[in-house]
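What follows is a single structure, written as structure tokens, with notes after it.
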Amino acid sequence: MTSPVYIIGHKNPDTDSICAALALQELKQKQGIHALAGRIGHLNPETSYILKKLELDPPLYMTTAKNTLAEIEIDEAITMPRDETLRHGWDLCLDKAKALYIVDENENYIGMATIGDISKVQMQDLNITKDLLKETPLENIVKCLKGSFILKGNLPMSGEVRISDKKLMERDLEGAIMVLSDHEDDMIKSMAKGCAVIVIAESFVPNDYIIEMAKKYGVTLISTNYNTMKIIQMIYRSIPIELIMTPASEITSFNRNEFLSDVEREMLKSRHSSYPVLNQGKIVGSVARYHVLKAEKKQFILVDHNEKKQSINDIDSADIVEIIDHHRIGDIETDHPIVFRNMIVGSSCTIIGLMYRELGVEMSSNAAKLIAYGIISDTMNFHSPTCTMVDKELASWIGKTHHLDFDAMATDLFSNTATIQDKSFDTILHRDSKEYTLSGKRIAISQVFIFDLDVVDQIKEDFLKYMEQENKVRHLDLLLMVFTNVEGKGSRFLYVGKLAHQVEKVVQSFTENGYVSRKKQIVPRLAQELA
């Protein structure tokens with residue numbers, strides 16, 4: 001099983017991060033790399049509109065960078081029906097595994113047996129083994145001996161196994177399993193003493209008188225090709241595996257979705273060599289300590305971000321192999337050198353497009369459209385101050401190569417998605433929200449793009465109340481909501497928090513100067529104000 005390299009954007013993903021992940025997935029796959037685009041949040045309406053238009057599935061939804069059992073190689077679970085013989089279990093252990101998982105008639109896991117458990121039967125006190133043989137079906141004995149019934153009786157077994165000797169008539173043979181050769185006198189004596197089963201060695205067939213006597217007394221007659229020594233050995237291996245297994249309730253088990261870190265911690269509490277992996281009560285695999293120890297970390301390529309708080313949860317437990325971003329350098333650390341491409345451009349999709357061109361890899365029509373939409377969205381169709389000549393030049397190249405009309409695509413996209421009508425306050429505030437620490441202050445800035453900025457006046461009073469309630473939970477120093485015209489014609493700002501009064505004048509200047517970029521205009525200016 002080859003683990004994929006996951007390509008993920010930031011939390012609360014925007015169009016640029018999703019389109020970049022999908023376009024890079026295609027590029028990596030064309031390079032022979034098992035890459036898979038992921039996302040760590042729900043799609044916004046704009047991105048959903050794009051993927052539906054292109055008939056593409058969303059990237060894989062992910063919540064953590066930690067591995068689960070389902071994502072690593074584990075052993076196949078060797079299962080046995082509860083009524084199977086120890087002999088069959090022994091053979092399976094020698095051929096396939098040292099642990100057997102016992103299942104009932106409905107394939108539900110009920111217990112575990114090891115080669116050590118089976119061996120113990122041969123070594124333990126015969127009184128214990130005798131009790132196990134009492135409960136062993138006659139069919140198991142025949143199966144183990146590779147024999148056949150001459151006659152099947154109905155006497156209960158005591159669990160004692162006896163052979164012919166000089167003191168035969170002095171012994172208590174009530175319910176015993178007799179192992180005899182061709183001595184028919186011993187067969188008659190044994191039945192007279194109350195034995196339950198006679199196993200006859202070397203395929204000898206007794207005379208009609210003995211068969212009739214056995215029928216009269218209810219004695220079972222079994223014929224086998226084995227000699228007496230082999231018969232005695234095999235009888236003890238006819239015991240059902242269920243009788244010597246450790247019940248499921250006494251064995252630590254795991255499910256496929258458990259994190260490896262939790263599995264390892266639980267394993268340290270016991271000394272089993274293998275543990276069952278279950279799915280709704282069914283056994284789906286067997287995991288040992290070495291599986292956990294040899295498991296490699298998940299590999300990630302980060303696009304459109306390079307800060308821990310914006311990345312997937314538990315990113316420290318993963319292996320970051322590449323970063324492609326157009327934001328400031330954040331706090332992501334790696335323990336080895338990686339490819340880190342950070343450019344002053346308006347969109348991460350621009351960088352992905354440049355990579356296609358530089359590597360001489362032909363992008364599909366959908367990849368070209370994904371890159372185009374990512375650029376349109378993140379640069380507000382080239383009206384954002386973050387837009388550069390690199391973005392425009394690449395867009396021109398893609399437009400000519402793939403016959404795309406960026407203006408027509410932008411008009412269609414914005415007219416169908418740039419609205420807050422029918423959206424909840426929760427969606428508006430959290431859909432595209434990023435948190436920053438500026439001069440020791442915790443600041444969150446949310447941004448939404450709309451056609452008509454006048455709608456902000458209609459919700460202003462109620463939205464500010466909602467922001468106040470939200471910040472009672474989050475305890476931010478400043479919570480800033482930015483409503484930006486999708487065509488780059490300025491923004492409206494609502495804000496709450498301890499710093500609200502301090503930033504009043506600077507936020508007013510944002511409005512007067514037509515700020516639209518969170519990254520290039522709003523955050524740097526706030527940082528300067530709070531320094």
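The first residue of the sequence shown is numbered 1, and numbering continues consecutively from there.
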Tell me yes or no: between the side chains of [X] and [Y], is some donor less than 3.5 Å from an acceptor?
X	Y	result
H327	N306	no
E266	T252	no
T47	T15	yes
Q508	E512	yes
K434	N12	no

Hey, does the side chain of [X] reach the backbone of [Y] with a donor-acceptor pair shorter than 3.5 angstrom?
X	Y	result
Y356	L27	yes
H336	T334	no
S377	G374	no
D314	S317	no
N67	L260	no
N44	D14	no
Q29	E26	no
S384	M380	no
K309	E435	yes
T401	W397	yes

**Request:** Run the numbers on R82 and E105 for salt bridge (Lys or Arg N to Asp or Glu O under 4.0 Å), then give the verdict.
**Result:** CA-CA 8 Å; R82 66 199 310 168; E105 298 76 12; 3.3 Å; yes
**Prompt:** What about the rings of Y373 and Y49, do their centers lie closer together than 6.0 Å?
**Reply:**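 Aromatic pair excluded; centres sit 6.0 Å or further apart.
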If we only count heavy atoms from C-beta on, is the [X] to [Y] side-chain gap below 4.5 Å?
X	Y	result
H326	T350	no
I8	V303	no
C93	L100	yes

**Request:** Go through the steps for Q502 and L478 under the test side-chain contact (heavy atoms from CB on, under 4.5 Å), then give the verdict.
**Result:** CA-CA 10 Å; Q502 182 178 340; L478 181 67; over 6 Å; no
**Prompt:** Which of parallel (below 30°), tilted (30 to 60°) and perpendicular (above 60°) describes H272 and Y275?
**Reply:**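 H272 vs Y275 ring planes: perpendicular.
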**Prompt:** Is the F406 ring parallel, tilted or perpendicular to the F382 ring (thresholds 30°, 60°)?
**Reply:**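 The arrangement is tilted - the two ring planes meet at 30° to 60°.
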**Request:** Would you please name every residue forming a ring pair (Phe, Tyr, Trp, His ring centres under 6.0 Å) with F451, sequence neighbours left out?
**Result:**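 Result, ring pair (Phe, Tyr, Trp, His ring centres under 6.0 Å) vs F451: none returned.
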**Request:** Apply salt bridge (Lys or Arg N to Asp or Glu O under 4.0 Å) to the pair D426 and R431, showing each step before the final yes or no.
**Result:** CA-CA 8 Å; D426 178 75; R431 177 62 71 184; over 6 Å; no
**Asked** Taking only residues at least two apart or on different chains, which pairs with a member in residues 512-531 satisfy ring pair (Phe, Tyr, Trp, His ring centres under 6.0 Å)?
**Response**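 The answer is F510-Y515.
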**Asked** With sequence neighbours excluded, what pairs up with E84 under the salt bridge (Lys or Arg N to Asp or Glu O under 4.0 Å) test?
**Response**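 Residues passing salt bridge (Lys or Arg N to Asp or Glu O under 4.0 Å) with E84: K143.
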**Asked** What do the steps show when you test K52 against E46 for salt bridge (Lys or Arg N to Asp or Glu O under 4.0 Å), and what is the final call?
**Response** CA-CA 10 Å; K52 184 176 180 181; E46 181 183 86; over 6 Å; no
**Item:** Sole residue of Q25, R39, Q299, K298 in side-chain contact (heavy atoms from CB on, under 4.5 Å) with Y6
**Value:**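 Of Q25, R39, Q299, K298, side-chain contact (heavy atoms from CB on, under 4.5 Å) with Y6 is met by K298 alone.
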**Message:** Using the side-chain contact (heavy atoms from CB on, under 4.5 Å) definition, which of the options M62, H10, K66 pairs with I312?
**Reply:**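 It is M62; the other options fail the test.
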